[in-house]
Structures are given as structure tokens and as C-alpha cells.
Asker: 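Sharing a structure, written as C-alpha cells. Questions coming.
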Amino acid sequence: MSDAFGSFADALRRAIDDRGLALERVRDHLAHRGVCVSVATLSYWQSGRSQPGRKTSLAAIPHLEQVLGLDAGTLLRTLPATRDRIRRTPVRELGALWPEPSRMDMLGRLDTRWDADLDRVTLHDVLRIGPDRRQVGLTVRQVLRARVDGPDRRVVMHSQDDTTAALPEIEVLKGCELGRVEWSPQDGVVGAELVFFRPLRRGETAIVEYQLVSPSPGALDTEYVRRLRSPLREYLLEVEFHPDARPASVTGFTEQRRTPVDLDRSHRGHLAHTDATPGTTGITWSWPTTTPP
């Protein structure tokens with residue numbers, strides 16, 4: 001136990017020394033982020049007399065890492081309580097959903113520390129296809145619930161198979177601000193951090209909405225795939241086709257089955273899942289042999 005205390009205390013003490021901050025200044029920076037940690041607690045942590053163990057204390061550590069200019073997880077990895085909590089979280093491994101090295105590299109450049117502590121309650125995707133059979137845009141609306149105190153952002157990533165088309169722009173519509181954005185045009189991947197207006201408390205929900213606006217011409221893909229890391233109460237996907245670009249067939253899929261999808265009078269096809277399990281799902285379509293007007 002003393003070794004674990006020492007490793008956390010040593011790492012924290014070195015980081016504070018390197019930043020040249022008094023403990024009062026560290027406390028003030030945390031308070032500005034909505035995180036309350038007393039000077040006495042910080043002193044106990046860096047001296048090794050105690051270490052974070054309660055959920056509220058553990059939730060403060062990622063913010064402390066940012067204040068001290070540390071890489072995500074530098075302090076968290078020294079805490080056995082945090083490692084045990086992460087192992088208990090029922091999520092699909094990133095590598096299983098994104099086996100391509102470029103996707104994992106993208107996620108490595110973004111702050112994913114809170115992904116396992118944010119449950120998606122509902123998720124609604126609306127993809128729009130233009131008259132030239134190319135993507136026009138995508139709107140995403142999701143309701144998130146915090147498992148612990150402290151989550152202040154959600155990482156999102158979108159990819160397109162058509163790497164000849166430029167990547168879409170990400171625009172925030174509701175409930176958050178756009179943080180760091182990473183691009184990989186050669187791989188057809190864009191990722192971003194959606195930063196909440198304040199850290200969430202345990203059990204608190206947030207509604208965030210954003211859109212991806214495709215350039216002209218947009219990507220000429222024939223499927224939309226959603227990768228779910230954790231269980232989801234409700235997932236709804238709509239694909240809206242322009243009247244001049246009706247597909248020959250539309251199919252919804254999961255990892256277990258494929259189901260034909262009919263279009264409604266507004267040329268929309270959809271799939272809906274309740275109590276969705278981690279994995280991949282989506283809609284694929286094929287075009288008639290004739291070219292669009």
C-alpha cells in the first residue's frame with residue numbers, strides 16, 4: 001500500500017514542482033473548473049499521507065492532470081482504485097471497434113479519459129444524401145449520463161470510405177462547445193472533443209447536438225456504420241435520400257443480422273434499437289444502374 005501511495009505522491013509532487021505552482025494556485029485552478037479540492041487535501045496527497053479513493057476525489061484527478069500540464073492518465077494510472085473501476089466498466093475495447101491503426105492513432109490524440117464514465121442514454125443520427133448520391137451532412141443528437149462526478153467532455157469520431165472527398169466540418173448545435181479537432185484526410189477520419197459547459201455530477205444528464213457539413217462534392221459512400229462502445233437504451237438512425245437519388249435497395253444491419261428497410265413518402269429509411277448492446281450497426285444501400293440527373 002505504501003508503494004502505491006508513494007508513486008502517486010511522487011508523480012504529483014514532481015508535477016507541482018515542474019509547474020512552479022503553490023498549492024493555493026492549484027486549488028484555485030481546480031475551483032475555476034468546478035472542482036473543489038482543499039489545500040490540505042492537496043498537501044496530504046503530495047506528501048503521501050493519503051491518496052484519492054472516494055469517487056469525488058478520483059473525479060478531480062483528470063482536471064488536476066490538465067492544470068499541471070500532464071498527459072491524460074499520468075496520475076490516474078498510479079491509483080489501484082481507478083484501475084479496478086475501469087476494469088469493471090462494461091465497454092467494448094476500442095481496438096475491437098476500430099481495428100484500423102489510423103483510427104486508434106486519432107483517438108490517441110484526443111482526450112478519451114471520460115468515455116467509460118459517460119453512458120449514452122439515447123442517440124439519434126440523421127444522414128442526408130443529395131441528388132448527386134453524395135453525402136450532404138449528418139446531424140447527431142445524444143443524451144449522456146455521468147457515471148461519476150467530473151466528466152467534462154465527450155470524444156466523437158466519424159469516418160468516410162471515400163477518401164477522394166474532403167472531410168466534413170464539425171459544427172456544434174446544442175449543449176457543448178467544440179474543443180480539440182483532429183483530421184486525417186488520407187484516412188477519411190475526423191475526430192473532436194465536445195466540451196460541456198461545466199463538469200457533470202454523477203447521475204446528471206447532458207444533451208449535446210452537432211452536425212457534420214460535407215463539402216461539395218461530399219463523400220460517395222453507400223453505408224453508414226455506428227460503432228457503440230457501451231450499452232445504449234435507444235438508438236435511432238435515419239438516412240434521408242433526395243427525391244432525385246432514390247436507392248435501388250436499403251438494408252439495416254447489426255453484427256448478427258441484416259433486414260430490408262423500406263423508404264417512407266419523404267424518401268427516408270430508418271432503423272431503431274432499444275437496449276442496444278456494444279458493437280456495430282447501421283444502414284447500407286445500393287444504387288440503380290442509371291446515373292443521377
Side-chain angles (χ1 to χ4, degrees), residues 92 94 96-100 102-103 106-107 120 122-142 154-171 173 183-185 187-192 194 208-230 232 234-264 266-274 276-288 292:
R92 179 73 70 88
L94 285 171
L97 291 176
W98 300 96
E100 305 90 339
S102 60
R103 273 59 167 176
M106 170 73 69
L107 289 172
R120 280 192 179 112
T122 64
L123 176 61
H124 185 189
D125 294 332
V126 181
L127 178 68
R128 297 175 297 280
I129 306 296
D132 57 357
R133 301 180 178 177
R134 294 178 178 271
Q135 292 184 17
V136 174
L138 170 72
T139 302
V140 179
R141 183 178 184 272
Q142 51 187 321
R154 176 75 183 197
V155 168
V156 297
M157 185 167 66
H158 291 271
S159 64
Q160 59 190 42
D161 294 332
D162 182 6
T163 56
T164 64
L167 288 171
E169 295 286 340
I170 299 181
E171 299 177 357
L173 300 177
W183 310 82
S184 181
D187 300 307
V189 185
V190 57
L194 305 181
V208 298
E209 189 171 350
Y210 63 97
Q211 65 180 358
L212 285 84
V213 181
S214 299
S216 183
L220 189 62
D221 290 346
T222 56
E223 69 175 5
Y224 180 79
V225 181
R226 170 59 75 172
R227 295 169 169 85
L228 303 174
R229 287 198 68 201
S230 57
L232 179 63
E234 178 182 280
Y235 175 57
L236 173 62
L237 167 60
E238 296 181 81
V239 181
E240 180 181 311
F241 297 93
H242 190 276
D244 295 333
R246 287 181 60 89
S249 65
V250 182
T251 304
F253 64 87
T254 65
E255 293 179 352
Q256 291 78 33
R257 63 178 182 175
R258 300 173 68 87
T259 307
V261 173
D262 295 326
L263 300 187
D264 62 19
S266 299
H267 317 289
R268 295 190 188 98
H270 79 275
L271 60 78
H273 298 307
T274 56
T277 56
T280 57
T281 186
I283 286 179
T284 183
W285 57 92
S286 62
W287 297 114

Asker: Heavy-atom distance under 4.5 Å between the side chains of Leu263 and Arg246, does that happen here?
Answerer: yes
Asker: Would a 4.5 Å heavy-atom cut-off, applied to side chains only, mark Gln135 and Asp221 as touching?
Answerer: yes
Asker: Of Asp125, Val213, Val239, Ile170, which is the lone residue that meets side chain to side chain contact (heavy atoms under 4.5 Å, CB included) with Leu138?
Answerer: Asp125
Asker: Between Arg226 and His158, is a side-chain contact (heavy atoms from CB on, under 4.5 Å) present by the stated rule, with each step listed?
Answerer: CA-CA 9 Å; Arg226 170 59 75 172; His158 291 271; 3.9 Å; yes
Asker: Just wondering, do Met157 and Arg227 contact through their side chains at under 4.5 Å, heavy atoms?
Answerer: no
Asker: As an exercise, state the distance from CZ of Arg258 to OG1 of Thr251, rounded to the nearest 0.5 Å.
Answerer: 5.5 Å
Asker: Taking the side chain as everything from C-beta on, heavy atoms only, tell me whether Tyr224 gets closer than 4.5 Å to Glu238.
Answerer: no
Asker: Using the rule given for side chain to side chain donor-acceptor pair (under 3.5 Å), can you reason through Thr139 versus Arg128, listing the C-alpha separation, both sets of side-chain angles and the distance that settles it, and then say yes or no?
Answerer: CA-CA 9 Å; Thr139 302; Arg128 297 175 297 280; 3.0 Å; yes
Asker: Grab the two heavy atoms, one from Leu236 and one from Ala272, that are nearest each other, plus how far apart they are.
Answerer: CD1-CB, 4.1 Å
Asker: Would you find a donor on one side and an acceptor on the other, under 3.5 Å apart, between the side chain of Thr254 and the backbone of Gln256?
Answerer: yes
Asker: Look at the aromatic rings of Phe241 and Trp285 and report parallel, tilted or perpendicular, splitting at 30° and 60°.
Answerer: perpendicular
Asker: Let's go through Gln142 and Val156 carefully: what are the C-alpha distance in whole Å and the side-chain angles of both, what is the deciding distance for side-chain contact (heavy atoms from CB on, under 4.5 Å) to 0.1 Å, and is it a yes or a no?
Answerer: CA-CA 11 Å; Gln142 51 187 321; Val156 297; 4.0 Å; yes
Asker: At what distance, to the nearest 0.5 angstrom, does CD of Glu255 lie from OG1 of Thr280?
Answerer: 4.0 Å
Asker: Carefully, step by step, assess Glu234 and His124 under the rule side chain to side chain donor-acceptor pair (under 3.5 Å).
Answerer: CA-CA 8 Å; Glu234 178 182 280; His124 185 189; over 6 Å; no
Asker: Are side-chain heavy atoms of Leu271 and Thr281 found at a separation under 4.5 Å?
Answerer: yes
Asker: Using side-chain heavy atoms (C-beta onward) and a distance below 4.5 Å, is Leu127 in contact with Ile283?
Answerer: no
Asker: What are the two closest heavy atoms between Leu123 and Leu228, and how far apart are they?
Answerer: CD2-CD2, 4.1 Å
Asker: Of all the heavy-atom pairs spanning Ser214 and Gly137, show the shortest one and how long it is.
Answerer: OG-N, 4.0 Å
Asker: Does any part of the side chain of Glu223, heavy atoms only, come nearer than 4.5 Å to the side chain of Asp161, both counted from C-beta?
Answerer: yes
Asker: With no hydrogens and no angle check, just 3.5 Å: does a side-chain donor-acceptor pair link Ser286 and Ser249?
Answerer: yes
Asker: Just how far is it from atom OG1 of Thr122 to atom CZ of Arg141, taken to the nearest 0.5 Å?
Answerer: 6.0 Å
Asker: Heavy atoms only: give me the nearest Pro168-Gln160 pair and the separation to one decimal.
Answerer: CD-OE1, 3.6 Å
Asker: Mind listing the closest non-hydrogen atom pair of Pro217 and Arg134 along with its distance?
Answerer: CB-CD, 3.4 Å
Asker: Should we say atom NE2 of His270 is surrounded by more than 12 heavy atoms from elsewhere, each under 6.0 Å from it?
Answerer: no
Asker: What are the two closest non-hydrogen atoms of Phe253 and Thr284, and how far apart are they?
Answerer: CE2-N, 4.0 Å
Asker: Within the 4.5 Å heavy-atom criterion, are Ser159 and Val189 side-chain neighbours or not?
Answerer: yes
